[in-house]
Amino acid sequence: MAHIPDGVLSPPVLAIGAALAVAGTGLGLKALPPERVPAVAMLSAVFFVAALVHLPVGPSSVHLILNGLMGAALGWAAVPAIVVALVLQAVLFGFGGLVVLGTNVTNMAVPALIAGWVFRSLWRARPRNAALAGAVAGGVAVALTALMVAGSLALSGREFWPAARLVTLTYVPVAIIEAAFTAAAIGLVARVRPDLLEAAR
Amino acid sequence: MRRSLVLVAFLLLAAPAEAHRLKVFATVDGDNVQGTAYFAGGGTAANVPGRVLGADGGAMAAFRTDPEGAFRVSVGRTHVHAVVVDGGDGHVATLTLGGEEANAAPAAVAPELAAAVEQAVARQVRPLREQLDAYEAKTRLHDLLGGIGIIIGVFGVFAWIRARPETGHGP
């Protein structure tokens with residue numbers, strides 16, 4: 001549902017999303033030195049696959065977004081990574097529409113950037129608790145994405161609270177799993193190669 | 001309080017399935033439109049509201065899917081254009097029914113016979129279409145691997161263009 005299909009959102013929401021996505025992609029590419037490109041490509045591929053792997057939760061299943069991990073590990077470079085992965089998800093699998101691409105990018109990339117900033121603030125304050133900072137980043141990113149998806153629907157004329165409640169409740173298990181996943185990934189990288197995380201901004 | 005708890009429990013149970021792409025499959029069968037709503041990659045879409053649209057785009061009938069994601073709604077003998085299901089959370093699926101599924105009965109055949117034939121054909125075609133949908137889902141793995149390759153390629157080209165040649169080395 002973070003992948004909104006075509007024909008749901010109104011033109012102003014699409015225009016704002018597209019403008020923010022283009023600006024973010026430009027800034028992201030500018031802040032991307034060639035030696036960081038392999039990391040961006042790898043995390044873009046992980047993000048691309050994560051949405052297609054359904055984890056069983058109770059009687060149903062959910063999929064991860066991993067935008068918190070992207071923001072923490074890549075910083076601004078997370079935006080182009082998300083753009084490429086979302087284009088392919090839309091073209092190959094019909095996950096989200098192409099016209100709403102900008103809005104979908106914005107709904108996932110803005111929380112990624114905020115989560116990245118939160119992660120770096122916490123990590124600098126307490127370098128030993130990288131995993132905990134990663135868990136916070138993972139949870140924050142998913143919660144913000146849920147709010148932004150609900151906001152996009154509300155601005156397009158749907159009632160905010162029913163949509164927000166539906167979206168947020170769907171995301172509770174995702175946020176929990178994602179916090180654990182991000183904590184594990186970030187905790188490992190921070191222990192083994194902290195320089196990889198320090199390069200993100 | 002208890003009612004809201006039941007509602008929350010219901011939403012928690014029902015909503016996670018909606019993390020995937022909503023799809024709808026329907027056939028016209030005599031006076032009825034019947035089909036199922038489901039999420040690509042598994043999971044039925046239970047209790048999702050939907051509409052049957054006429055040729056002018058107006059809603060002809062409304063329905064709500066049952067716990068198995070199935071629905072059946074009577075529309076009478078008019079031209080059915082499309083079936084839309086709307087999860088209310090940004091998931092919308094539309095199935096446009098082609099001309100061959102228009103349920104106007106041919107004038108020369110008795111209506112009872114036409115209805116029986118339509119019903120039989122719909123029953124025969126249905127498993128084929130479902131098989132086709134399942135096959136489509138199977139190609140996902142190939143698309144997935146291809147997508148990973150494209151991502152590596154795109155960023156590879158970007159790195160190639162951006163990388164500066166090393167100075168002070170080479171011939």
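Keep in mind that the numbers below use all heavy atoms, side chains included, and drop hydrogens, waters and symmetry copies. Reminder, nothing fancy here: chain letters follow the sequence lines and each chain counts from 1.
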- Query: Which members of residues 179-199 of chain A, sorted by number, sit under 4.5 angstrom from chain B on a heavy-atom basis?
  - Reply: none
- May I ask you to test the A:Ser44-B:Phe155 pair for a side-chain heavy-atom distance under 4.5 Å? yes
- Query: What's the spacing between B:Arg162 CZ and A:Arg36 CZ if we round to 0.5 Å?
  - Reply: 13.0 Å
- Note on the structure: Counting heavy-atom pairs under 4.5 angstrom with chain B, the leader among A:Leu88, A:Val49, A:Val8, A:Leu9 is A:Leu88
- Note on the structure: CG (A:Leu92) and CD1 (B:Ile150) are apart, to the nearest 0.5 Å, by 5.5 Å
- Drop me the distance from A:Phe93's CZ to B:Leu144's CG, to the nearest 0.5 angstrom. 5.0 Å
- Would a 4.5 Å heavy-atom cut-off, applied to side chains only, mark A:Val40 and B:Phe158 as touching? no
- Message: Please output the residues of residues 15-33 of chain A in contact with chain B, using a heavy-atom cutoff of under 4.5 Å, in numerical order.
- Response: A:Leu29, A:Lys30, A:Leu32
- In this structure, CD1 of B:Ile148 is separated from CE of A:Met42 (nearest 0.5 Å) by 11.5 Å
